[in-house]
Amino acid sequence: MGCRCAQEAEALAQARDLRLLLAINATMFVAEGMAGWLAGSMALVSDALDMLADAIVYALSLYAVGRSVQDKARAAAWSGMFQIALGLGAGAESLRRFFFGATPEPLAMLGVGALALAANLVCLRIIARHRHGEVHMRASWIFSRNDVLANLGVMGAGILVMLVQAPWPDLVVGLAIAAVVSRGGMDILAQARAAAQAR
């Protein structure tokens with residue numbers, strides 16, 4: 001009975017935290033995506049797509065709360081596939097902008113990047129208590145951790161664009177974020193397969 005109560009309490013805690021994470025990332029996807037488009041920054045657009053991927057991950061993880069190990073592994077696998085797809089899309093757009101893009105607005109990159117970093121640090125703190133938990137929660141931890149690195153990259157690109165007055169730092173960081181997102185998706189796919197085989 002005590003074990004059952006503990007499981008239910010953990011499921012409630014997971015659901016509460018995932019709803020909050022979903023709301024933060026969905027809001028930041030819209031805000032950062034619009035800012036990136038207006039500023040002409042591929043790094044911001046890639047990071048916004050990363051926020052969308054995370055929102056999808058949190059929604060799938062929320063679906064998996066309280067379900068079977070197989071369902072949790074399946075949710076994690078879908079999360080990984082969405083991450084890879086969005087990463088590839090962001091990478092393709094970054095390459096396109098190498099040939100057709102303009103120099104982005106560096107101050108917007110710095111300001112919005114700092115806002116996104118603050119949001120992701122909040123997310124990282126929330127999800128940190130679940131980082132050694134079940135596979136669907138570990139997926140959320142991996143992607144939140146990568147987000148912080150991506151935000152720092154956006155801000156670094158903003159500084160470099162300001163210094164060199166050229167678009168290439170933004171495009172390089174956009175490609176790097178796309179690669180990190182895709183790699184994170186592959187990592188969680190491997191963990192999801194391992195969790196499904198261990199049941």
Side-chain angles (χ1 to χ4, degrees), residues 21-58 79-128 131 139-189:
L21 292 166
L22 175 57
I24 292 171
N25 278 267
T27 301
M28 286 304 302
F29 160 64
V30 174
E32 193 173 16
M34 290 178 62
W37 186 263
L38 292 173
S41 170
M42 196 56 224
L44 284 176
V45 170
S46 291
D47 200 41
L49 289 174
D50 190 25
M51 291 283 192
L52 173 61
D54 289 343
I56 292 169
V57 168
Y58 297 136
S79 298
M81 288 186 282
F82 275 119
Q83 288 268 331
I84 292 168
L86 286 171
L88 291 174
E93 178 62 10
S94 295
L95 288 172
R96 186 190 71 80
R97 291 200 185 195
F98 263 119
F99 301 100
F100 303 108
T103 302
E105 174 49 56
L107 291 179
M109 293 174 68
L110 286 168
V112 179
L115 179 62
L117 176 62
N120 278 319
L121 286 172
V122 170
C123 291
L124 195 63
R125 183 170 183 180
I126 292 169
I127 200 64
R131 66 184 181 275
S140 299
W141 160 255
I142 288 170
F143 301 140
S144 296
R145 181 193 62 198
N146 289 344
D147 288 346
V148 171
L149 298 175
N151 298 144
L152 293 172
V154 169
M155 295 173 70
I159 293 170
L160 285 174
V161 167
M162 190 181 301
L163 291 174
V164 303
Q165 292 296 303
W168 66 261
D170 175 64
L171 300 173
V172 168
V173 170
L175 279 173
I177 292 172
V180 168
V181 171
S182 298
R183 178 57 190 266
M186 288 187 284
D187 286 347
I188 202 57
L189 275 177

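Here side chain to side chain donor-acceptor pair (under 3.5 Å) pairs that include residues 152-162, with residues two or more places apart or in two chains, number zero. Pairs passing the side chain to side chain donor-acceptor pair (under 3.5 Å) check and including a residue from residues 156-176, sequence neighbours excluded, read Ser41-Asp170. Pairs engaging residues 172-189 under the salt bridge (Lys or Arg N to Asp or Glu O under 4.0 Å) rule: Arg183-Asp187 [sequence neighbours left out].
Every residue two or more places apart in sequence or in another chain that forms a side-chain contact (heavy atoms from CB on, under 4.5 Å) with Leu115 is listed here: Met28. Residues forming a side-chain contact (heavy atoms from CB on, under 4.5 Å) with Ala85 (at least two apart in sequence, or on another chain): none. Trp37 is linked by a side-chain contact (heavy atoms from CB on, under 4.5 Å) to Arg97, counting only residues two or more places apart in sequence or in another chain. Residues satisfying the side-chain hydrogen bond (donor to acceptor under 3.5 Å, both in side chains) criterion with Asn25, sequence neighbours excluded, are absent altogether. With sequence neighbours excluded, the residues that form a side-chain contact (heavy atoms from CB on, under 4.5 Å) with Met34 are Val30.
The structure places CG of Leu44 at 5.5 Å from CD of Glu32, a figure rounded to the nearest 0.5 Å. Remark: Leu22 CG to Ile56 CD1 distance equals 10.0 Å, nearest 0.5 Å. To the nearest 0.5 Å, atom CE of residue Met155 and atom CG of residue Leu160 are 12.5 Å apart. Separation of atoms CG (Leu21) and CG (Asn120) is listed at 9.5 Å; rounding is to 0.5 Å. Note that CD1 of Ile84 and OG of Ser182 are 6.5 Å apart. Values are rounded to the nearest 0.5 Å. To the nearest 0.5 Å, atom CG of residue Leu117 and atom CG of residue Leu110 are 11.5 Å apart.
At a threshold of 4.5 Å between non-hydrogen side-chain atoms, the residues Val180 and Leu149 do not count as touching. Side chains of Ile126 and Val122 form a contact here, defined as non-hydrogen atoms less than 4.5 Å apart. No side-chain heavy atom of Pro167 sits less than 4.5 Å from a side-chain heavy atom of Val161.
Looking at every heavy atom in both residues, Ala108 comes nearest to Ala39 through CB-CB, 3.7 Å. Taking every heavy atom of both residues into account, Pro169 and Ala157 meet most closely at O-CB, 3.7 Å. Between Met109 and Gly158, the closest heavy-atom pair is CE-N, 3.6 Å. Summarising the geometry of Pro104 relative to Pro106, their closest heavy-atom pair is O-CD, 3.2 Å, with the distance given to 0.1 Å. The two atoms that bring Asn151 and Gly113 nearest to each other are CB-O, 4.1 Å, heavy atoms only. Scanning all heavy atoms of the two residues, the minimum distance from Met51 to Ala116 falls at CE-CB, 3.9 Å.
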Next on the checklist: Under the criterion side chain to side chain contact (heavy atoms under 4.5 Å, CB included), I'd like the reasoning laid out for Val173 against Ile177: C-alpha separation, chi angles, the key distance, then a yes or no.
Outcome noted: CA-CA 6 Å; Val173 170; Ile177 292 172; 3.8 Å; yes
